[in-house]
Amino acid sequence: MPELPEVETVRRGLEPHVLQRRITRVLLREPRLRWPVPEALPRLAAKRRIEAIGRRGKYLLVTLDSGDRMIWHLGMSGRMFVLERGHPLVKHDHLDFELDSGQLLRFHDPRRFGAVLWWPREETEHVLLRAMGPEPFTPAFNGEYLFEKSRGRSVAVKNFIMDGHIVVGAGNIYAAESLFRAGIRPTRAAGKLTRAQCQLLVEKIREVLGEAVELGGTTLRDFAGARGESGYFQQELFVYGREGQSCRVCGSTIKLEVLGARQSCYCPRCQR
DNA sequence: CTGTTAACCTGAGTGC
DNA sequence: TGCACTCAGGTTAACA
């Protein structure tokens, strides 16, 4: 489900409800997520105050007053809702964090590709975050960086920019949309991009992700923010999910190709 | 090292 | 209605 804009939407939605709130109780119903939820997590997180909620790539980072942190990932189908205590349970409600405000954070994830992990304060670096590429909005992610990284790489540029070691946050939707706006065909070998194309692609990735964050993400099937709200970026899509329809710019028929087991839409005329 | 594929899981949608 | 089948926004492990 969620790429960077959706995760950022959830983060922003959670923030006002959790900052400086104390976790009064943690209810773990189903520990079998992407990795097992640590058995000790409910005990360790209970009584702790939440001091910050941040984001790195598609991971949410929750800093507690003990200096320990939790790492949350929504996977493909995960949601983290702010609800009033006593809200009825539904299937796949795996975990609750009850807060001293009377509200609770409820993690719901049918496919269980998500994760809820403990990151002890004595560990300065977490193995999941260590090898991650730069955030798209930081200066470290720039045209020259992308150009250098892509030299000698034969992988399709779409797979290349979806690789979290290169840059974090662009999943299937936003990779496709960024490439459309940059006029680059998703199948193009990364190593064949020119300097100018790398520069343009960086700008378009930032533009697309930025607009999507402002619109609250993309709701295609089941994405919802922390209060259950939909995103609106789906109205801005040029190629994703539009195979067979006409290009909003030139009228050509949008084509679909499978790249690395993922659907990849592009305009054969606008993207070369 | 690079590149490709399968795997993890459930639910929604489609076609018969 | 029901069944078989395909596909889905992410990430890692296992392979060539």
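To find a chain, count down the sequence lines: A is the first, B the second, and so on, and within it residues start at 1.
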Checklist entry - OP1, OP2 of dT10(B) versus side-chain N and O of K91(A): anything below 4.0 Å? => result no
Next on the checklist: Counting only side-chain nitrogens and oxygens, does Y174(A) get under 4.0 Å of the OP1 or OP2 atom of dG9(C)?
Outcome noted: no
Item to check | Phosphate OP1/OP2 of dT11(C): any H73(A) side-chain N/O under 4.0 Å | outcome: yes
Checklist entry - Any side-chain heavy atom of H87(A) sitting closer than 4.5 Å to one from F81(A)? => result no
Checklist entry - Rounding to a whole Å, what distance do you find between R111(A):CZ and dG10(C):C1'? => result 9 Å
Item to check | Ring geometry between F233(A) and Y174(A) (parallel below 30°, tilted from 30 to 60°, perpendicular above 60°) | outcome: tilted
Checklist entry - Can you check the M76(A) CE to dC7(C) P distance for me, whole Å? => result 13 Å
Next on the checklist: Can you check the distance between dA14(C) and dC9(B), where both ends of the measurement are the P atom (answer in whole Å)?
Outcome noted: 15 Å
Item to check | Base-pairing mate for dC3(C) - Watson-Crick or G-U, with both contacts under 3.5 Å | outcome: dG15(B)
Item to check | Any-strand Watson-Crick or G-U partner of dC9(B), both distances under 3.5 Å | outcome: none
Checklist outcome for this item: Taken to the nearest whole Å, CZ/R79(A) to C1'/dG11(B) is 12 Å
Checklist entry - How far, in whole Å, is dA12(B) from dT11(C) if one measures between their P atoms? => result 23 Å
Item to check | Interatomic distance, D109(A) CG vs dC9(B) P [rounded to whole Å] | outcome: 12 Å
Item to check | Under 5.5 Å and under 30°: F113(A) stacked on dG10(C) | outcome: yes
Next on the checklist: In whole Å, I'd like the distance from the CG atom of L60(A) to the P atom of dT11(C).
Outcome noted: 12 Å
Checklist outcome for this item: Rounded to whole Å, the OH-P distance (Y240(A) to dG10(C)) equals 8 Å
Item to check | Spacing between R112(A) atom CZ and dC9(B) atom P, to the nearest angstrom | outcome: 6 Å
Next on the checklist: Give me the distance, rounded to whole Å, that separates dG3(B) from dG9(C) when you measure between the P atoms they each carry.
Outcome noted: 22 Å
Next on the checklist: Would R248(A) and F238(A) count as a cation-pi pair here, with the cationic atom under 6.0 angstrom from the ring centre and within 45° of the axis?
Outcome noted: yes
Checklist entry - Using a cut-off of less than 4.0 Å, is there contact between a side-chain N or O of S77(A) and OP1 or OP2 of dG9(C)? => result no
Item to check | Charged N-O contact under 4.0 Å between R56(A) and E135(A) | outcome: yes
Next on the checklist: Whether the side chain of R153(A) and the base of dT2(B) hold a donor-acceptor pair under 3.5 Å is what I'd like checked.
Outcome noted: no
Item to check | Separation of dT4(B) P from D163(A) CG (nearest whole Å) | outcome: 12 Å
Next on the checklist: Using 0.5 Å steps for rounding, measure from the CH2 atom of W35(A) to the NE2 atom of H73(A).
Outcome noted: 7.5 Å
Item to check | Below 4.0 Å: OP1/OP2 of dG9(C) and any side-chain N or O of R262(A) | outcome: yes
Checklist entry - Is there a side-chain polar atom (N or O) of H92(A) under 4.0 Å from OP1 or OP2 of dG11(B)? => result yes
Item to check | Sugar-phosphate, base or nothing in reach of L4(A), heavy atoms under 4.0 Å | outcome: nothing
